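A quick write-up on the structure given underneath.
Since the structure is predicted, the reported quantities are computational estimates derived from the model, not experimental observations.
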Amino acid sequence: QVQLVESGGGLVQAGGSLRLSCVASGRAFSNLNMGWFRQAPGTEREFVAGIDNSGDYTRYADSVKGRFTISRDNARNTVLLQMNSLKPEDTAAYYCASGNFYSARASSYDTWGQGTQVTVSS
């Protein structure tokens, strides 16, 4: 069973950058579709970015397109989320997820990390 551990969150000023990392266990990382989601207190979890198992396809929420980049490093069983030009509305707990489908739906993912907090100040 795959396990996911996120890191890289923190406090950053608006306009700054952070890079989130998600390290996955197991041999099957290259077969997993990966996604990033975020959830602010009192809100529903929302899709941020996804990458398919081959790495050939990516998708982004409209709110982050052009600012965030998802990538994967299969040699290190890692998926990354580079976040640039951060805005206060990006403040949330960010979660890494894996599953059998290339999807923007949270219900399509089987395994979730514990989350890493991103706080963007104005």
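Between S21 and T78, the closest heavy-atom pair is CB-CG2, 4.4 Å. The two residues I70 and G50 make their nearest non-hydrogen contact at CG2-O, 3.6 Å.
Within the model, atoms CE of M34 and CG of N77 stand 9.5 Å from one another, a figure rounded to the nearest 0.5 Å. For the atom pair CG (N74) and OG (S54), the distance works out to 9.5 Å, reported to the nearest 0.5 Å. Interatomic distance, Q117 CD to L11 CG, rounded to the nearest 0.5 Å: 10.0 Å. Here the CG atom belonging to L18 is positioned 8.5 Å from the CD atom belonging to Q82, to the nearest 0.5 angstrom. A distance of 11.5 Å separates CG of N31 from OG of S98, quoted to the nearest 0.5 Å.
Between the side chain of S103 and the backbone N or O of F101 there is no donor-acceptor pair closer than 3.5 Å. With hydrogens and angles disregarded, a donor-acceptor distance shorter than 3.5 Å links the side chain of Y102 to the backbone of T58. No donor-acceptor pair closer than 3.5 Å links the side chain of N53 to the backbone N or O of N33.
Clustering of Ile, Leu, Val, Met, Phe, Trp and Tyr side chains at separations under 4.5 Å leaves V5 isolated, with no partner residue. Clustering of Ile, Leu, Val, Met, Phe, Trp and Tyr side chains at separations under 4.5 Å leaves V23 isolated, with no partner residue.
Hydrophobic clustering, with ILVMFWY side chains joined whenever heavy atoms are under 4.5 angstrom apart, groups L81 together with V118. Taking hydrophobic clusters as Ile, Leu, Val, Met, Phe, Trp and Tyr residues chained together by side-chain heavy-atom distances below 4.5 Å, L86 does not share a cluster with L80. Clustering ILVMFWY residues whenever any of their side-chain heavy atoms sit less than 4.5 angstrom apart, transitively, puts I51 in the very cluster that holds L32.
Listed by first and then second residue, the side-chain hydrogen bond (donor to acceptor under 3.5 Å, both in side chains) pairs involving residues 1-17 are S17-N84 (not counting sequence neighbours).
For the pair C96 and W36, the minimum side-chain heavy-atom distance is below 4.5 Å. In this structure, M83 and V64 have side chains that are not in contact, with every pair of non-hydrogen atoms separated by 4.5 Å or more. Between R67 and Y60, every side-chain heavy-atom pair lies at or beyond the 4.5 Å cut-off.
A cation-pi arrangement is present between R72 and F29 under the rule of less than 6.0 angstrom and at most 45 degrees off the ring axis.
Listed by chain and number, the residues in a salt bridge (charged side-chain N to carboxylate O under 4.0 Å, His left out) with D62 are K65 (sequence neighbours excluded). Residues that satisfy the salt bridge (charged side-chain N to carboxylate O under 4.0 Å, His left out) test with R45, not counting sequence neighbours, are absent from this structure. Remark: F47 engages F37 in a ring-ring contact (aromatic ring centres under 6.0 Å, His included) (not counting sequence neighbours).
The aromatic rings of F68 and Y94 are tilted relative to each other, their planes meeting at an angle between 30° and 60°.
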